[in-house]
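Presented below is the structure to which this report refers.
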Amino acid sequence: MAIFLDKNSKVIVQGITGREGAFHTQRMLAYGTNIVGGVTPGKGGTTIESGQPVFNTVKDAVDATGATHSIIFVPPFAGADALWEAHAAGITLAVCITEGIPAHDMLRVVATTDGMRIIGGNCPGIISPGKSLVGIMPGHIFKEGNVGMISRSGTLTYEIVDGLTRAGFGQSTCVGIGGDPIIGTTFVDCLRAFASDPETQALVVAGEIGGSDEEDAAAFIKEHIPDKPVVGFIGGRSAPKGKRLGHAGAIISGNTGTPESKVKAFGEAGVPVADRPSDIPRLLAERLATATA
Amino acid sequence: MAIFLDKNSKVIVQGITGREGAFHTQRMLAYGTNIVGGVTPGKGGTTIESGQPVFNTVKDAVDATGATHSIIFVPPFAGADALWEAHAAGITLAVCITEGIPAHDMLRVVATTDGMRIIGGNCPGIISPGKSLVGIMPGHIFKEGNVGMISRSGTLTYEIVDGLTRAGFGQSTCVGIGGDPIIGTTFVDCLRAFASDPETQALVVAGEIGGSDEEDAAAFIKEHIPDKPVVGFIGGRSAPKGKRLGHAGAIISGNTGTPESKVKAFGEAGVPVADRPSDIPRLLAERLATATA
Amino acid sequence: MKLMEYQGKDLFRRVGIPTPRGVYATTADEVRTYVAEHPGSWVLKSQVMMGGRGKAGGIKFADDAQQGETLARELIGKVLKSVQNPDGEEVKSLLVEEKVDIASEAYVSIAIDRAAKKPVVLVTAQGGMDVEEVAEHDPDAIKKYWIDPAEGYSPYIGRQLAFDAKLPEGYRKAFPAVLGALYELFMDYGANLVEINPLVLTNDGRVIASDAKVELDDNGLYKHPDVAQWNKQSPADADQAAAVAIGLGMSNYARFEDEPGLPPKTVGTIANGAGLGMGTMDAVKNAGGGAANFLDIGGGAQAELVKNSYKLVTSDDRVKAMFINIFGGITRGDQVAKGIVEALSGDDVRKVPLVVRLTGTNAKEGLAILAEAGFVPVETMDEGAARAVELAKGAQ
Amino acid sequence: MKLMEYQGKDLFRRVGIPTPRGVYATTADEVRTYVAEHPGSWVLKSQVMMGGRGKAGGIKFADDAQQGETLARELIGKVLKSVQNPDGEEVKSLLVEEKVDIASEAYVSIAIDRAAKKPVVLVTAQGGMDVEEVAEHDPDAIKKYWIDPAEGYSPYIGRQLAFDAKLPEGYRKAFPAVLGALYELFMDYGANLVEINPLVLTNDGRVIASDAKVELDDNGLYKHPDVAQWNKQSPADADQAAAVAIGLGMSNYARFEDEPGLPPKTVGTIANGAGLGMGTMDAVKNAGGGAANFLDIGGGAQAELVKNSYKLVTSDDRVKAMFINIFGGITRGDQVAKGIVEALSGDDVRKVPLVVRLTGTNAKEGLAILAEAGFVPVETMDEGAARAVELAKGAQ
């Protein structure tokens with residue numbers, strides 16, 4: 001099964017002829033993603049080299065291809081517009097790669113796009129290994145399997161997944177939810193979907209300092225999926241207070257967003273927290289052993 | 001049955017200590033409406049002479065009384081705020097008597113109050129005769145019965161209802177939808193409710209020049225309730241083009257809103273249109289005779 | 001409230017919609033001075049409310065100051081007549097604007113769609129002509145979009161419309177921003193209609209609003225006192241001014257001109273509520289007469305307002321009889337009756353034969369007051385209309 | 001971007017929130033002149049970013065021009081120290097404000113609630129003190145409201161909060177308008193936090209924002225170039241300025257002070273991606289060392305940026321070894337490798353022992369470039385961190 005994304009999901013690329021959009025379109029195609037076209041205003045009617053049609057608007061693209069998924073590569077000032085355009089055209093899942101979208105644009109977008117799941121912004125995307133990749137992750141490090149993974153960071157995801165794959169743990173779906181303060185899909189949203197995915201037998205939740213998404217995730221796990229093995233990780237545990245670290249959301253301000261609070265919450269939910277990414281496969285194996293025992 | 005409003009509906013009055021609010025609260029109580037309280041900011045904790053409690057906010061009123069219905073008597077500039085407040089507090093039907101609310105306030109309100117039915121603004125309210133009156137209509141001219149009535153006008157409603165009652169036709173529910181360009185509940189919204197109300201055996205639709213609500217109503221009748229006898233009326237048929245007549249919505253501009261278009265639409269839906277209000281009971285009797293023949 | 005072109009363009013500039021360079025002038029001297037200081041080709045556009053001013057000779061071209069002055073003298077004070085406006089409208093001012101090199105003309109408007117309860121945008125590449133004509137001859141050329149006020153405007157809407165309506169490529173960059181600004185104006189100033197026709201693409205690649213049609217919702221005017229003020233300076237409608245002067249709502253009074261083939265409009269009408277007001281004038285027509293006016297005293301009217309309404313209606317010399325039709329809800333019959341008696345007791349009103357129909361709230365008290373003053377009221381609206389028509393005919 | 005009080009109040013005035021009368025001054029002369037021209041009692045408030053300026057002696061009262069000048073001379077140039085700011089912050093300017101007669105002090109703020117994905121309003125009648133203290137001792141005194149951005153703000157929200165928080169009656173009229181304006185500021189200027197503490201009710205019935213705390217979202221600054229400019233004039237954060245100077249995002253670089261009881265911060269770190277950047281500094285800590293900094297070169301970094309990042313990190317004299325940790329996604333390993341080689345080939349950088357870990361996209365090409373230049377990269381992050389800590393210790 002996997003969540004959010006499967007082999008048949010029809011995907012369009014918003015910004016398909018831009019530098020990043022064009023580059024990752026080829027990588028996604030190479031991975032096997034069912035990319036049915038893309039959008040660049042003014043280039044409607046043309047095709048890219050690999051043959052996918054380009055449309056002027058998302059509506060035109062959806063009308064012509066029946067796409068349900070979109071991945072967005074546009075400048076930050078155009079991020080909200082791209083998401084609204086996707087929503088108006090009937091897209092049901094939009095992955096927003098764009099970094100730097102103003103938080104208040106996202107507040108408005110989230111409040112007015114009922115019926116469309118947004119992943120990101122400022123995220124590496126989503127991959128259901130062996131099925132489809134809608135994102136900018138390096139596909140070759142992933143491996144089809146039964147571990148679900150959610151993470152606020154891109155490169156840290158790669159680090160962790162690389163370790164999982166090397167240790168023999170394949171993944172059902174990996175979601176990079178993004179590092180911005182306001183994102184479309186939170187840990188809890190993903191956990192809810194993973195909870196009812198029989199293919200996913202264990203989970204890795206890779207959080208970081210800032211906000212309370214990890215605490216919310218821990219509470220959800222405790223209440224709704226106490227029986228599925230979960231391993232946690234918190235990035236930035238050595239950071240001092242008040243420093244914003246790369247992600248607009250990664251900051252300890254006052255008493256919120258501290259690693260102590262997150263580790264404590266995970267602990268209360270029976271979720272072991274790895275001190276370093278390389279510890280995750282071992283902790284996962286232990287949890288699985290306990291669960292099946 | 002009746003629609004939208006029955007004997008048990010718990011009603012609060014927004015602006016209960018104002019001149020109009022206080023006056024009509026007493027009239028509604030006299031009619032038998034289940035008024036459980038009212039709202040005037042700053043007068044929370046007091047009661048009006050007839051004993052109903054006054055609250056500072058709609059939320060306080062709903063929390064304390066379990067009210068589901070509200071009737072709004074506030075100045076035009078506060079109309080949108082009152083509707084939003086009712087919505088946020090969980091009110092499911094709000095009757096907005098206030099005249100002169102800016103159309104663009106209503107555009108925004110209508111777009112953001114899912115789950116709450118709004119009647120009006122600039123309307124006389126709603127009455128389910130013998131059960132409850134949430135409005136400013138003179139209750140004594142109404143009579144319990146089986147004719148549903150919807151109208152864009154207040155006083156014209158009284159004129160028509162008076163005739164119906166004198167002719168022996170009681171009413172299930174009468175809704176004055178209001179004369180503004182943007183109103184919460186249209187003819188079609190009411191027709192949809194009346195369509196599934198077994199108590200309502202016939203309908204009177206009293207429209208006027210301007211807009212296309214009557215045309216939409218005719219199309220709905222033709223498609224969904226061809227078997228329920230309906231009689232139509234159009235106010236302002238003698239009006240010249242381009243003159244706005246009292247209601248912000250009552251104007252023939254260009255080719256839209258003409259009485260000819262409305263009469264034609266009703267005709268195509270098999271709905272006879274009365275030339276004068278006094279003809280309505282006769283036409284209704286004829287339609288009922290044909291329907292039961 | 002309808003705005004004149006120069007007022008509409010003032011709002012355009014506030015929200016950032018490009019308009020042609022130019023100046024607003026009320027005298028020929030101003031035109032001469034401006035053209036002298038700004039050599040070039042200029043258009044002199046008569047500032048009137050009526051449509052079809054071009055065909056009526058209200059637009060002229062000047063290439064120098066002298067010509068500008070001469071043409072301005074000709075236009076200012078001139079009465080322009082059109083099919084829609086047979087009586088004509090006097091030109092009181094001009095808008096002097098640069099003559100732009102037109103590469104293309106588009107049309108864009110935003111109006112309230114009552115049924116959808118949303119603003120609706122109309123765009124067509126066939127600008128410069130009446131959009132209703134385009135709608136008739138080439139309906140597919142007009143593209144529509146309904147904006148969700150909760151989401152608001154975002155540029156993709158303008159892009160989609162520009163592509164769908166096949167606007168020339170020169171519009172592409174500018175159009176989404178122009179439409180966004182137009183939507184801002186529409187919502188912030190509470191417009192019933194904002195229209196740019198034509199939205200010009202110039203040969204040097206600019207996109208400019210060449211004309212401006214703006215109609216504001218009277219109910220929202222209080223939010224922009226400076227704009228509301230424009231209406232006081234030049235009331236577009238004498239009826240509205242008269243209504244406001246006695247404390248009625250702007251659109252609660254309308255006077256009707258006589259129409260060829262119809263009975264003369266000799267019956268004055270006063271009712272409470274817009275619906276009953278319309279019903280009352282319809283009843284007069286059904287009785288074979290002609291209502292000289294519509295007048296809605298509104299809900300809860302007091303005696304003073306009734307009195308002043310009577311004076312306003314009878315100030316029209318054509319009115320030979322009066323029909324007052326009240327079905328009390330908020331309005332109380334005794335207050336109306338008092339007003340009638342007061343109105344007719346003074347010497348400052350022209351008295352005409354009067355028919356009163358009074359029912360509903362406090363009707364009994366009202367009828368008593370009228371009886372005491374010697375009036376015999378009628379029972380029904382039809383009866384009252386018939387009686388008033390009869391009296392008006394008798395009085396002629 | 002955090003604003004100083006006088007900047008926050010500038011924004012307050014733009015949206016119509018009442019602020020005390022007064023003047024912003026950078027010299028004692030300005031203060032003397034102002035007080036001389038405006039006799040009365042004035043407060044001199046040091047304009048600093050740090051909290052606790054009152055306790056640190058940064059607020060003084062003056063009753064005449066001479067006193068004003070004397071106190072201003074004392075304050076300007078003074079270094080204020082507080083518990084949170086042991087290093088202190090120099091006072092460069094003052095806000096001179098009327099001393100208001102306080103009847104009551106309330107607290108109001110709007111922040112982003114990440115979990116609810118909505119703005120959240122906090123109100124309490126216990127203004128003038130730290131809201132976190134109130135939250136601890138009397139949590140029920142703080143009332144919250146989550147605003148739906150689709151609906152926006154409407155006055156009932158302010159009324160409800162004022163009643164629920166039991167604000168004194170004097171606030172009732174003004175509070176909904178103040179909160180509405182604060183919400184407008186919050187949304188239009190893209191604030192992470194807007195806080196008025198205290199919102200003062202004066203003895204003569206005015207409601208005034210006595211202090212202003214505003215923190216804006218850096219990502220939204222481009223919408224207000226004039227405000228973004230404030231940051232350039234007085235960069236609140238040297239790290240941010242340094243990051244922007246070399247083309248990084250504002251928060252992509254942070255330097256960490258040494259902390260008592262922890263190993264000295266001698267390992268420079270560079271990674272691609274915020275998460276990996278944090279992971280890298282954590283790894284250094286886990287290996288028994290201290291990361292001197294966080295630096296995220298972002299996605300798709302080119303050689304030039306890598307080179308400049310290296311220079312920025314090594315400009316910190318404490319850095320004795322460098323750990324570059326790259327897991328290529330968008331970022332291509334060959335570009336990073338090129339940057340490293342270029343950085344180290346110039347004479348304008350301080351060279352320190354270097355550990356490189358390079359995997360992911362174009363890692364093979366990158367590793368080849370590094371091999372050619374004589375570097376032996378490590379395989380894993382843990383290994384790299386351990387090696388870098390070791391090298392830093394060896395270099396001390």
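Just so it is clear: chains get the letters A, B, ... in the order the sequence lines come, proteins before strands, and each one is counted from 1.
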Seminar exercise, completed: Cut-off 4.5 Å, heavy atoms of chain B, and the answer for C:Asn272 is both

Exercise. Chain C heavy atoms under 4.5 Å from B:Glu20: which part of the residue, side chain, backbone, both or neither?
Worked result: side chain

Seminar exercise, completed: The interface call for B:Asp114 against chain C, heavy-atom contacts under 4.5 Å, is neither

For this session: Compare every heavy atom of B:Gly235 with every heavy atom of C:Asp282, then report the nearest pair and how far apart it is.
Result: OD2-C, 3.6 Å

For this session: Against chain B, work out which of C:Glu259, C:Met281, C:Met278 has the most heavy-atom pairs shorter than 4.5 Å and name it.
Result: C:Met278

Exercise. What part of C:Asp113 lies closer than 4.5 angstrom to a heavy atom of chain B: side chain, backbone, both or neither?
Worked result: backbone

Exercise. Who in residues 158-167 of chain B is close to chain C, using a strict under-4.5 Å heavy-atom cut-off?
Worked result: B:Tyr158, B:Glu159, B:Asp162

Exercise. Quick one: what part of C:Glu136 sits under 4.5 Å from any heavy atom of chain B, side chain, backbone, both or neither?
Worked result: neither

For this session: Establish, yes or no, whether a centroid distance under 6.0 Å links the rings of B:His104 and C:Tyr189.
Result: no

Exercise. For B:Glu99 and C:Asn219, what are the C-alpha separation, side-chain angles and deciding distance, and is it a side-chain contact (heavy atoms from CB on, under 4.5 Å)?
Worked result: CA-CA 9 Å; B:Glu99 181 178 352; C:Asn219 287 339; over 6 Å; no

Exercise. Do C:Arg332's NZ or CZ and the ring of B:Phe23 fall within the cation-pi criteria of under 6.0 Å and 45°?
Worked result: yes

Exercise. Quick one: of B:Ile101, B:Val188, B:Thr112, who has the most non-hydrogen atom pairs under 4.5 Å with chain C?
Worked result: B:Ile101

Exercise. Can you say whether C:Phe327 sits under 4.5 Å from chain B via the side chain, the backbone, both, or neither, judging by heavy atoms?
Worked result: both

For this session: Measure across C:Gly275 and B:Ser153 and return the closest heavy-atom pair with its distance rounded to 0.1 Å.
Result: CA-OG, 3.0 Å

For this session: Quick one: which of C:Glu257, C:Glu151, C:Lys117, C:Lys285 has the most heavy-atom pairs under 4.5 Å with chain B, could you say?
Result: C:Lys117

Problem set entry | Proximity breakdown for C:Tyr253 and chain B, heavy-atom pairs closer than 4.5 Å | neither

For this session: Under 4.5 Å, counting heavy-atom pairs only, tell me which of C:Asp296, C:Thr359, C:Thr361 racks up the most with chain B.
Result: C:Thr361

Exercise. Tell me, side chain or backbone of C:Asp382 under 4.5 Å from chain B's heavy atoms, or both, or neither?
Worked result: side chain

Problem set entry | Part of B:Asp213 lying under 4.5 Å from any heavy atom of chain C | neither

Exercise. Between atom CG of C:Leu262 and atom OG of B:Ser238, what is the distance when rounded to the nearest 0.5 Å?
Worked result: 9.5 Å

Exercise. Salt bridge between B:Asp105 and C:Lys223, side-chain N to carboxylate O under 4.0 Å?
Worked result: yes

For this session: Below 4.5 Å from any heavy atom of chain C, which atoms of B:Ile141 appear? Answer side chain, backbone, both or neither.
Result: side chain

Exercise. Is any side-chain heavy atom of B:Pro102 closer than 4.5 Å to a side-chain heavy atom of C:Tyr222?
Worked result: yes

Problem set entry | Choice from C:Gly360, C:Gly190, C:Ala150 maximising heavy atom contacts with chain B below 4.5 Å | C:Gly190

For this session: Indicate the atoms forming the closest heavy-atom contact of C:Pro149 with B:Leu107, along with that distance.
Result: CG-O, 3.7 Å

For this session: Please step through side-chain contact (heavy atoms from CB on, under 4.5 Å) for the pair C:Met187 and B:Arg108, ending with a clear verdict.
Result: CA-CA 9 Å; C:Met187 290 303 287; B:Arg108 276 186 286 250; 3.7 Å; yes

